[in-house]
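Here is the structure we will look at, set down as structure tokens.
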Amino acid sequence: MRRVYMDHNATTPVHPEVLEAMMPFFQDQFGNASSIHWAGREVKKYLDEARENVAALMNADPQEIIFTGCGTESDNMAIKGVGSTHLDKGRHIITSKVEHHAVLHTCQFMEGLGYQITYLSVDREGLIDLEDLRRSIRPDTVLVTIMFANNETGTIMPVQEIGEVCREKGVIFHTDAVQAVGKIPIDLKKLPVDILSLSGHKLNTPKGIGAQFIRKGTKLSPLIHGGAQERNRRAGTENIPYIIGLGKACEIAKRDSQKRHEYLRSMRDRLQEGLLRAIPHVELNGHPTRRLPNTLNASFLYVEGESLLLNMDLEGIAVSSGSACSSGSADASHVILAMGKSPLVAQSAIRFSLGLTNTAEDVDYVLEAVPRIIDRLRAISPLYQKVSPSRV
Ligand code: PLP
């Protein structure tokens, strides 16, 4: 059976060049970057180079990049680190209802500590309202944390404008850019962002490496205390092989960015057009144009997303339904519900997220299988028989 992996927003395979770059650092170059002898010095040189590559992908300065264990850690560090540093100003944080759980659950934790959190609503396409943001900022607001691009729908937030509002009001702005980095251009010399989180395994490194951009002069306390690594911002001996891998992944993403973007968009559009042509009662979720080039989220009405996912899995196709990442829970996606869509639409949502190894043949395979599976599932759906009795 053919296997088609279209769940790259969940994770990506390791790029062969990334793996190759990492290998020497498991055995030959095993030194501790903090050691002053030759073994440490050699490794430190490569650590610095990796930091330069991560910075270069986003047009940041290398001193503004620190390495973390994952995207979740970076998000936690931004929220807890800023929250606990600016107590003299207040305990109010603003976020949105469509954030990843790495942000939402951290905000809920902060609520338990006595912080007040404002969860901004989004419109039907998944965008926050800038006036709503402006109105929500109070004298005691210490942080605005709004994601760059949504992991479920691919909708890209107005990060430039959000940053401008935050600058004007003197509030620190953090963005969870885990899904955006490497997929769309990011220029941190132009974007008014103070802190930005990213994760390696969404851009072809192994799982377990992340990074944080912290603009010069931004004050936040570390999440992990201990040694003086990472300019005192994140203690713990650096995970050199994985850091080297992330540096290489960023170098490749910068080198191939235009090519990648065009390729992913053309594959995604071929998939989208084919599905919309072949299947009635399909609703797209997310912004039609302000969207990651690799992401397609669609609700196949009158079909349970989980059943569709399992049936696709039987045919070798790996995708995700809004609820899949919450450990098998069948709850409807909080993102799609927050966009004002009905539970029926939310429960029938499927996310296709394409990657570099997907081919036109993969897309055609999916286009052959999905309409057939949907026909079968709708034939046994009592809801569908009510709306379209002639088709069953
Ligand atoms: N933020 C977003 C938007 C994500 O999509 C993810 C992962 O799916 C994370 C944060 C968490 O990243 P990590 O898996 O590296 O902890």
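Remember, it's 1-based here, ligands and their atoms both numbered in the order they're listed. The basis for the numbers below is simple: all heavy atoms, side chains too, and nothing from hydrogens, waters or symmetry mates.
With respect to atom 15 (O) of ligand 1, the closest heavy atom belonging to the protein is Ser199 OG, 2.6 Å. The protein heavy atom nearest to atom 14 (O) of ligand 1 is His201 NE2, 2.9 Å. For atom 5 (O) of ligand 1, the closest non-hydrogen atom on the protein side is Gln179 NE2, 2.8 Å. The protein heavy-atom contact nearest to atom 1 (N) of ligand 1 is Asp176 OD2, 2.6 Å.
Scanning His100, Lys202, Glu73, His101 for the heavy atom closest to atom 4 (C) of ligand 1 points to His100.
Side chains of Asp75 and Ser197: a donor on one and an acceptor on the other come within 3.5 Å.
Residue-ligand proximity, Asn151 to ligand 1, at heavy-atom distances under 4.0 Å covers atoms 3 (C), 5 (O). Of all atoms in ligand 1, listed by their number and element, those nearer than 4.0 Å to a heavy atom of Cys70 are 15 (O), 16 (O).
Under a 4.0 Å N-O distance rule, the pair Glu315/Arg372 qualifies as a salt bridge.
Heavy atoms of Thr72 found under 4.0 angstrom from ligand 1 belong to the backbone as well as the side chain. Under 4.0 Å from ligand 1, the heavy atoms of Asp75 that appear belong solely to its side chain.
For His201, the side chain to side chain donor-acceptor pair (under 3.5 Å) partners are Thr11, not counting sequence neighbours.
Using the six-membered ring where Trp is involved, His101 and His334 have ring planes that are parallel, under 30° apart on the 30 and 60° scheme.
Side-chain contact between Ile317 and Tyr365 is present, with heavy atoms from C-beta onward closer than 4.5 Å. With a 4.5 Å cut-off on side-chain heavy atoms, Asn311 and Arg376 count as touching.
Among the atoms of Gly71, some N or O lies under 3.5 angstrom from an N or O of ligand 1.
The hydrophobic cluster containing Ile65 also contains Phe148, counting ILVMFWY residues as joined when their side-chain heavy atoms lie under 4.5 angstrom apart, directly or transitively.
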